[in-house]
Amino acid sequence: MSHAEPTTSGVWREEFTVPHEAIDANGHVNNVVFVQWMQDVATRHFESLCGVEIMGSAGAMWVVRSHQIEYFLPARAGDSLQVMTWVVSFSRVRSVRGYKFIRADKGQLLVRGETEWVFVNAQTGRPGSIPKAIVQAFVLGSGTDKP
């Protein structure tokens with residue numbers, strides 16, 4: 001990803017050009033690649049605000065419980081995309097995060113998704129309470145920011 005920035009609404013944005021390696025036999029970005037990009041942008045957003053130090057001191061990690069994704073239009077090699085991600089909610093051990101992928105030059109929504117993450121103890125693999133410092137580091141967003 002080439003450029004990233006937070007917004008006051010809690011939405012994190014990155015812009016990048018689709019690489020040829022992301023293209024499948026159908027000539028567009030493979031669905032699995034979008035899921036990988038969702039995970040990657042979520043990780044960078046989290047690390048930009050609080051990630052490494054808090055996770056280390058908590059002895060914890062995030063794991064995915066579920067992904068929901070809708071594909072509207074294809075992305076092709078060379079397309080300039082903007083991805084937006086935001087934290088929708090926190091509960092005791094879970095966090096829901098939203099995503100949008102937009103064709104930057106036309107403002108077209110290509111993909112919309114959501115991931116439910118679970119905060120787990122790195123030693124036991126059991127869910128644990130999300131530290132207050134993590135919850136306080138984020139402004140909850142709705143993804144209604146315009147591209």
Side-chain angles (χ1 to χ4, degrees), residues 1-56 58 60-120 122 125 127-128 130-147:
M1 304 283 168
S2 60
H3 175 71
E5 65 183 63
T7 65
T8 57
S9 66
V11 176
W12 175 262
R13 299 172 186 262
E14 293 184 8
E15 291 188 20
F16 66 100
T17 301
V18 174
H20 290 282
E21 302 79 46
I23 305 305
D24 64 15
N26 295 320
H28 57 71
V29 174
N30 187 279
N31 62 315
V32 175
V33 173
F34 277 108
V35 174
Q36 181 66 55
W37 288 343
M38 288 165 58
Q39 179 173 311
D40 294 346
V41 72
T43 299
R44 285 190 293 275
H45 181 211
F46 182 78
E47 289 176 351
S48 77
L49 294 175
C50 64
V52 177
E53 299 81 21
I54 290 175
M55 295 306 279
M61 61 186 176
W62 290 103
V63 296
V64 171
R65 182 170 187 262
S66 66
H67 287 296
Q68 179 182 348
I69 190 164
E70 294 178 275
Y71 301 95
F72 300 103
L73 293 168
R76 304 192 190 287
D79 283 353
S80 178
L81 301 186
Q82 180 181 80
V83 59
M84 298 162 49
T85 187
W86 60 93
V87 175
V88 174
S89 65
F90 285 107
S91 64
R92 189 178 69 78
V93 300
R94 295 183 184 162
S95 177
V96 175
R97 177 180 283 277
Y99 310 85
K100 285 183 185 176
F101 289 84
I102 296 163
R103 186 171 288 118
D105 61 343
K106 296 181 181 175
Q108 296 171 310
L109 177 63
L110 305 180
V111 173
R112 179 174 51 212
E114 192 171 271
T115 301
E116 184 178 19
W117 294 88
V118 179
F119 194 79
V120 301
I130 300 169
K132 190 174 184 178
I134 289 177
V135 174
Q136 292 176 337
F138 289 86
V139 174
L140 297 184
S142 67
T144 57
D145 272 13
K146 297 295 180 211

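Computed from a prediction, not measured in an experiment: that's the story for all the values here. Quick note: residue numbers are just sequence positions, from 1.
Side-chain N or O atoms of T115 include none that pairs as donor or acceptor with a backbone N or O of Q68 at under 3.5 Å.
Note that NE2 of H28 is 9.0 Å distant from CZ of F34, once rounded to the nearest 0.5 Å. For the atom pair CZ (R97) and CH2 (W86), the distance works out to 10.0 Å, reported to the nearest 0.5 Å. Interatomic distance, CD1 of I69 versus OH of Y99, reported as 9.5 Å (0.5 Å rounding). Rounding to the nearest 0.5 Å gives a distance of 9.5 Å between CD1 of I54 and CG of L49. Rounding to the nearest 0.5 angstrom, the gap separating the CZ atom in F138 from the CZ atom in F46 is 5.5 Å. Separating the CE atom in M61 from the CZ atom in F119 is a distance of 10.5 Å, to the nearest 0.5 Å.
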Please lay out, stage by stage, how W117 and V63 fare under the test side-chain contact (heavy atoms from CB on, under 4.5 Å). CA-CA 6 Å; W117 294 88; V63 296; 5.9 Å; no

For a side-chain contact (heavy atoms from CB on, under 4.5 Å) check, start with the C-alpha distance between V41 and W12, then their side-chain angles and the critical distance, and finish with the verdict. CA-CA 9 Å; V41 72; W12 175 262; 3.7 Å; yes

- Task: Any chance you could lay out the salt bridge (Lys or Arg N to Asp or Glu O under 4.0 Å) test for R44 and E14, step after step, and finish with the verdict?
- Result: CA-CA 10 Å; R44 285 190 293 275; E14 293 184 8; 2.8 Å; yes

Inset, instruction - Please lay out, stage by stage, how L109 and F101 fare under the test side-chain contact (heavy atoms from CB on, under 4.5 Å). - result: CA-CA 6 Å; L109 177 63; F101 289 84; over 6 Å; no

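Paired with L81 under the rule side chain to side chain contact (heavy atoms under 4.5 Å, CB included), one option of L110, I102, T17 passes, and it is L110.
No side-chain heavy atom of V83 sits under 4.5 Å from any side-chain heavy atom of K100. Using a 4.5 Å heavy-atom cutoff, the side chains of V118 and P127 are in contact.
W62 and I134 make their closest contact through CZ2-CG2, 4.2 Å (heavy atoms, listed as atom of the first residue, atom of the second, distance). Of all heavy-atom pairs spanning A22 and V18, the tightest one is CB-CG1, 4.2 Å. The minimum heavy-atom distance between I130 and S95, with the atom names listed, is CD1-N, 4.5 Å.
There is no side-chain donor-acceptor pair under 3.5 Å between T85 and H45.
Partners of D24 under the side-chain hydrogen bond (donor to acceptor under 3.5 Å, both in side chains) rule, at least two apart in sequence or in another chain, are N30.
Applying the salt bridge (charged side-chain N to carboxylate O under 4.0 Å, His left out) test to pairs two or more places apart or on separate chains, those with a residue in residues 67-95 are E70-R112, D79-R103, R94-E116.
Between F16 and W37, a ring centre-to-centre spacing shorter than 6.0 Å is recorded.
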